[in-house]
Amino acid sequence: MPRDRDPLVVGRVIGDVLDPFTRSIGLRATYNNKEVNNGCEFKPSQVVNQPRVDIGGDDLRTFYTLVMVDPDAPSPSDPNLREYLHWLVTDIPATTGVSFGQEVVCYENPQPFMGIHRFVFVLFRQLGRQTVYPPGWRQNFNTRYFAELYNLGSPVAAVYFNCQRESGSGGRRC
Amino acid sequence: MWPPPSSGHKNTSSNPKPSSPCLCPKKSMDDVWKGMSLSSPNHNHNRRTAAGDALNLQDILACPSTKKGDGPFSGGGAAAGHLAPTPATALSLRISSHDDDGGGRPYFMSCLEDLSSSPDLFSSLHKKKGSENEDNSGNWRHKRMMKNRESAARSRSRKQASLSHSRNTAYANGLEMEVARLMDENDKLRTQLEKVNILTHFKAAAADELPKKNTLHRTLTAPF
């Protein structure tokens, strides 16, 4: 699809979190049978537990890393904690799911307080099985630097959803 | 709110910090100062005032933060004594400048008397204005406006993202339907082509047999 219609660009995920990349591997995240589609809205109550994540690819000997970040922490108008790391799983074999990988940073459920936050899943291909050390803290994580540090290269897939506090009234249905 | 807020009209040029709530026209502040004979007589009408003048004004306006009544007013004239409550002072200056040039001084004095009667209101009012003044009240508004714009831009991008998502799905669905339709048509055409090929093949191969196929026979259906 044309660059300017790509939801990742329109939603500014490419820009705020990632550089432009080419999708090459399937990535599907599902919260209780509701699939995560770019720009769709979830309530915090719907994303309390970690989603089921299935990835594509074809060779079980290729491993992938999944990162989940919130670039709008604590508030989209003043994201001084960008990006807040919610989940980090490595060594996921291709064609399988997150449950087959190594959870380096455990899933923390989104609890946006102010504004409408984007929550981004990013998938990277690893060069091989590797040891990834968890960062000292979740806030001010930098996906770009992380990828560079572990030689992950460009992302192979990404998807994001919107989430605001449970009683929030903004946003739009997907 | 008092004084009534103007639409951000930047008044007295000699005031280095724009005081937005003031309604004052062009020159009044200068004249007030002149009348008070606090500063040197060469007041300008633009910001390029003598450093001393600007400094005086700046000090005076900055006074509320220190909450001291002295300083720039120590060398002042008769008005100086009344300027001890600085919050009131800064406000009163603005108020007085609302008046005409000639009567600047007397109005100023009378204003002071009014002000001193209700110090609480003005100090609280002034606290707000003072901080705004220090930040550049125009700046605060500007920041607010920028933040609103950013929020609106985010909202628009969310809208566009959700639209493009539905458009992409619809588009993709339409494409898939198109593809299915085209594949069916392709199959039909291929079958037709095959039929035509067979026919021509037979025609070429066995010219005799064909007439038999194509020949119309008259049959007798009626007894007569």
Side-chain angles (χ1 to χ4, degrees), chain A residues 1-18 23 26-29 34-43 70-80 82 112-121 157-164 168-174, chain B residues 1 5 7-8 10 17-18 20-21 65 127-186:
Chain A
M1 63 191 90
R3 176 67 66 79
D4 58 343
R5 290 220 206 131
D6 184 356
L8 287 178
V9 172
V10 165
R12 303 188 192 184
V13 169
I14 290 180
D16 291 344
V17 182
L18 306 171
R23 289 166 183 69
L27 170 66
R28 196 214 310 250
K34 183 175 173 188
E35 188 176 336
V36 173
N37 284 310
N38 282 320
C40 283
E41 179 126 351
F42 284 80
K43 290 190 169 178
D70 174 4
D72 298 324
S75 148
S77 57
D78 181 25
N80 51 62
R82 173 179 289 178
F113 181 63
M114 280 192 290
I116 302 179
H117 296 220
R118 296 163 292 173
F119 291 91
V120 189
F121 292 99
V159 71
Y160 81 101
F161 64 93
N162 289 322
C163 185
Q164 61 183 299
S169 53
R172 51 191 68 247
R173 287 192 53 217
C174 197
Chain B
M1 190 148 98
S7 54
K10 303 292 185 269
K17 297 192 168 118
S20 47
S65 61
K127 250 178 223 163
K128 215 166 150 192
K129 285 187 184 109
S131 59
E132 276 182 30
N133 242 343
E134 293 190 29
D135 286 350
N136 276 336
S137 56
N139 197 16
W140 165 80
R141 256 192 223 149
H142 187 250
K143 273 186 189 166
R144 190 74 214 123
M145 188 169 74
M146 295 317 292
K147 282 198 171 182
N148 269 344
R149 283 192 187 160
E150 283 163 24
S151 177
R154 274 196 301 276
S155 184
R156 280 195 297 273
S157 68
R158 269 198 300 274
K159 175 177 185 174
Q160 201 183 348
S162 78
L163 271 185
S164 80
H165 166 74
S166 54
R167 207 190 308 140
N168 279 337
T169 340
Y171 183 60
N173 285 343
L175 277 181
E176 279 169 21
M177 280 172 56
E178 187 75 17
V179 163
R181 189 183 69 79
L182 285 170
M183 280 171 69
D184 281 342
E185 203 178 323
N186 203 19

Completion exercise
Separation between CZ (B:R158) and CG (A:N162), nearest 0.5 Å, reads 6.0 Å
Problem - Residue list, side chain to side chain contact (heavy atoms under 4.5 Å, CB included) with B:K147, at least two apart or on another chain - result: B:R144
Practice task
Work out which heavy atom in A:P7 is nearest to a heavy atom in B:A161; give both atom names and the distance.
Solution key: O-CB, 4.4 Å
Practice task
Quick one: closest heavy-atom pair of B:S157 and A:V10, and the distance?
Solution key: CB-O, 3.1 Å
Exercise for the section: For B:R154 and A:P76, indicate whether the former's side chain and the latter's backbone hold a donor-acceptor pair under 3.5 Å. Expected result: yes
Problem - Atom CE of B:M183 with >12 non-hydrogen neighbours under 6.0 angstrom - result: no
Exercise for the section: Identify, with sequence neighbours excluded, every residue that meets side chain to side chain contact (heavy atoms under 4.5 Å, CB included) alongside B:N186. Expected result: B:R190
